[in-house]
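All residue numbers in this chain count up from 1 along the given sequence.
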Amino acid sequence: MPDSKLIVPQTKRVSRRSALKLAGAGAAAMFAGPGYVRYAQAQSSEPIRIGFQVHRTGIGAAYGRWYEQTTNAAVKLINEQGGINGRQIEIIAEDDATDPGRGAEVVEKFATQHKCDVAFGTLFSHVVMGSAPRAGELKLPYYVVSEGHHVASGALNRYTFQPGITDVKSQVISMAPWIAKNVGKKVTMIFPDFAFGYDHRDYFSAAIKAQGGEVNALIPIPPTESSFTRYFPQIPADTEVIYHVMVGPAVLTFVKEMGEHFGSQHPALFGFIDSLEAVDLKSPGLEFLEGSYLWEAYPRYAGAKPSAFDTFYRGKVGVDANGASVADPADISTYSHMFGCWETLYILKQAMEAAGYQGPADKAKLIEATEAITTIPESNEHPQGDKLFNGKIHQSFGHQNITQVKNGVGEVVYRTTIEEGLYEPEADYTKMPL
């Protein structure tokens, strides 16, 4: 599919009085910590150009399509509400093919060819790892919507943020106590053989050990694998829990073949919804998932009492109460991840308004304003839930959800507190030069 450029209309030049009102509204929305600084500059009618690094092809294509739909919905709403600092957003989308080399090329294209203010959107961790160093070299603010621990670990640079979604380390340490208590302590892990999978391997292994459990087998699987039957005999007979977190176009094959291998006699299953994103839980062959548990950042099924914020968000992104497209009930969204695009764009809006952002000369101010954010309240802008943001490690911390499959539908049985997922910072990006 060719790259595309989505251009939204520019807003008319605003009056000085309107500009001051917009700047004031942006500042009021900012929840800032120590070091917060307000910046005031003249308004511009030029659009704010956001380079959207999207996985249109490659193993991340299913995510990329929904990331793009969510991004377009958020941008449409932001522009309808006056844009950022009175300016419209222009999204410039480029396909990175879910490839780290191509990702770095896309980042450079955003900076040098499209003259983007920021880059945004990357999901797959190996693409983030391939792209972020180039963003840092180009001093292009880079807001990723991934989950790996790569940002929070300090391995990247001051220009790279992960503010709209939690990282794997926070996810697994918050849930390990519940898994050990309610599912089992002898765990076999099946995970993708790249950085995202390694985060699960390393941090869950440590987290379950802290609960008196153990990982008795580690089974890495290449992300391009199309058949999985040969891996299942590696699962030890004394396994109490199979922990699976597969990604890519063959996920439905993975879970079907696991069911065919085990039949009704299988260890307890705890999976990350990554193994089933964009997959209907009622698909033929998935009956063996009944009673199993799944991690979800944002539960696919609205349940009996959805929040007003969730209802608002579903309506804007075109998703029904079952997590499917309102246009096609067979088209299942990547609901547990795509909210990160929506929330990250609103974080970017908040930081730009606090910084009085007008153009590339204000990039340092934008970085500092983002780092100054601390508390993120649940709202239409943040429908997944409230969060804390740690500016030193450029990472947000939020709630996690454990869902049980009941009659082919996911039902939340436990929601973690933010505190359960906190850990000591390993780095401090704010000490790096801009």
Side-chain angles (χ1 to χ4, degrees), residues 171-172 174-191 200 204 207-208 211-217 219 221 228-229 231-247 250-306 321-324 329-330 332-337 399-416 420:
Q171 292 165 3
V172 299
S174 68
M175 295 184 299
W178 191 93
I179 294 171
K181 181 179 179 180
N182 297 279
V183 188
K185 292 185 176 181
K186 290 187 177 181
V187 183
T188 291
M189 296 187 67
I190 303 176
F191 57 93
H200 279 272
F204 183 77
I208 198 69
Q211 301 301 316
E214 64 174 334
V215 172
N216 60 3
I219 305 177
I221 297 181
F228 308 90
T229 303
Y231 295 97
F232 299 131
Q234 300 177 35
I235 299 173
D238 64 346
T239 295
E240 295 174 350
V241 186
I242 296 175
Y243 177 112
H244 59 96
V245 56
M246 294 303 298
V247 294
V251 289
L252 182 57
T253 302
F254 168 75
V255 289
K256 281 185 174 181
E257 289 185 355
M258 187 160 58
E260 292 168 357
H261 177 82
F262 283 106
S264 61
Q265 302 299 314
H266 59 78
L269 301 174
F270 185 92
F272 268 55
I273 195 65
D274 307 60
S275 298
L276 293 158
E277 281 279 55
V279 174
D280 189 342
L281 295 183
K282 292 185 178 180
S283 298
L286 298 189
E287 296 82 4
F288 85 106
L289 288 174
E290 187 68 19
S292 69
Y293 299 96
L294 297 168
W295 162 88
E296 292 185 277
Y298 199 164
R300 177 189 299 180
Y301 296 90
K305 296 181 179 179
N322 293 319
I332 309 300
S333 70
T334 56
Y335 201 77
S336 189
H337 293 79
H399 302 274
Q400 314 303 327
N401 301 277
I402 297 176
T403 296
Q404 186 173 27
V405 180
K406 298 180 180 181
N407 298 316
V409 172
E411 179 181 312
V412 175
V413 294
Y414 185 67
R415 181 171 171 83
T416 72
E420 287 177 294

> Applying the side-chain contact (heavy atoms from CB on, under 4.5 Å) test to Arg300, which of Val409, Leu281, Leu294, Asn322 qualifies?
Replying inline: Leu281
> Taking all atoms of both residues into account, what is the closest heavy-atom pair of Val241 and Thr239, and its distance?
Replying inline: O-CG2, 3.2 Å
> Going through the distances and angles, do Ile273 and Trp295 end up as a side-chain contact (heavy atoms from CB on, under 4.5 Å)?
Replying inline: CA-CA 6 Å; Ile273 195 65; Trp295 162 88; 3.9 Å; yes
>> Restricting to side chain to side chain contact (heavy atoms under 4.5 Å, CB included), what partner residues turn up for Pro306, sequence neighbours left out?
In response: Ala302, Asp310, Thr311
> Is any side-chain heavy atom of Tyr243 less than 4.5 Å from a side-chain heavy atom of Phe191?
Replying inline: no
> Does any donor atom in the side chain of Asp274 or His244 lie under 3.5 Å from an acceptor atom in the other side chain?
Replying inline: no
>> For Ser336 versus Ala297, what's the shortest heavy-atom pair and its separation?
In response: OG-N, 2.7 Å
> So, Phe272 versus His200, ring centres under 6.0 angstrom or not?
Replying inline: yes
> Should Asn407 and Glu290 be marked as a side-chain contact (heavy atoms from CB on, under 4.5 Å) after you check the CA-CA gap, both sets of side-chain angles, and the distance that decides it?
Replying inline: CA-CA 7 Å; Asn407 298 316; Glu290 187 68 19; 4.1 Å; yes
> For Asp238, what residues pass the side chain to side chain contact (heavy atoms under 4.5 Å, CB included) criterion, not counting sequence neighbours?
Replying inline: Lys186, Asn216, Pro236
>> I'd like to check the side chain to side chain donor-acceptor pair (under 3.5 Å) partners of Glu296; sequence neighbours left out, ordered by chain and number.
In response: Thr403
> In chain order, what residues pass the side chain to side chain contact (heavy atoms under 4.5 Å, CB included) check against Ser174, with sequence neighbours excluded?
Replying inline: Gln400, Thr416, Glu420
> Quick one: does Ser292's side chain have a donor or acceptor within less than 3.5 Å of a partner on Phe270's backbone?
Replying inline: no
>> Below 30° counts as parallel, above 60° as perpendicular, anything between as tilted: where do the rings of Trp178 and Tyr293 land?
In response: perpendicular
>> Can you list everything that forms a salt bridge (charged side-chain N to carboxylate O under 4.0 Å, His left out) with Glu411? Sequence neighbours excluded, please.
In response: Lys406
> Can you name the one residue among Thr188, Ile219, Ile190 that meets side-chain contact (heavy atoms from CB on, under 4.5 Å) with Gln234?
Replying inline: Ile219
Under 3.5 Å, which donor-acceptor pairs link side chains of residues 252-262 to any protein atom two or more places apart or in another chain?
unit_1: Lys256; atom_1: NZ; unit_2: Pro284; atom_2: O; d: 3.3
unit_1: Glu257; atom_1: OE1; unit_2: Phe228; atom_2: N; d: 2.6
unit_1: Glu257; atom_1: OE1; unit_2: Thr229; atom_2: N; d: 3.1
unit_1: Glu257; atom_1: OE1; unit_2: Thr229; atom_2: OG1; d: 3.3
unit_1: Glu257; atom_1: OE2; unit_2: Ser227; atom_2: OG; d: 3.3

> Which atom pair, heavy atoms only, marks the closest approach of Ile208 to Gly184?
Replying inline: CD1-O, 4.5 Å
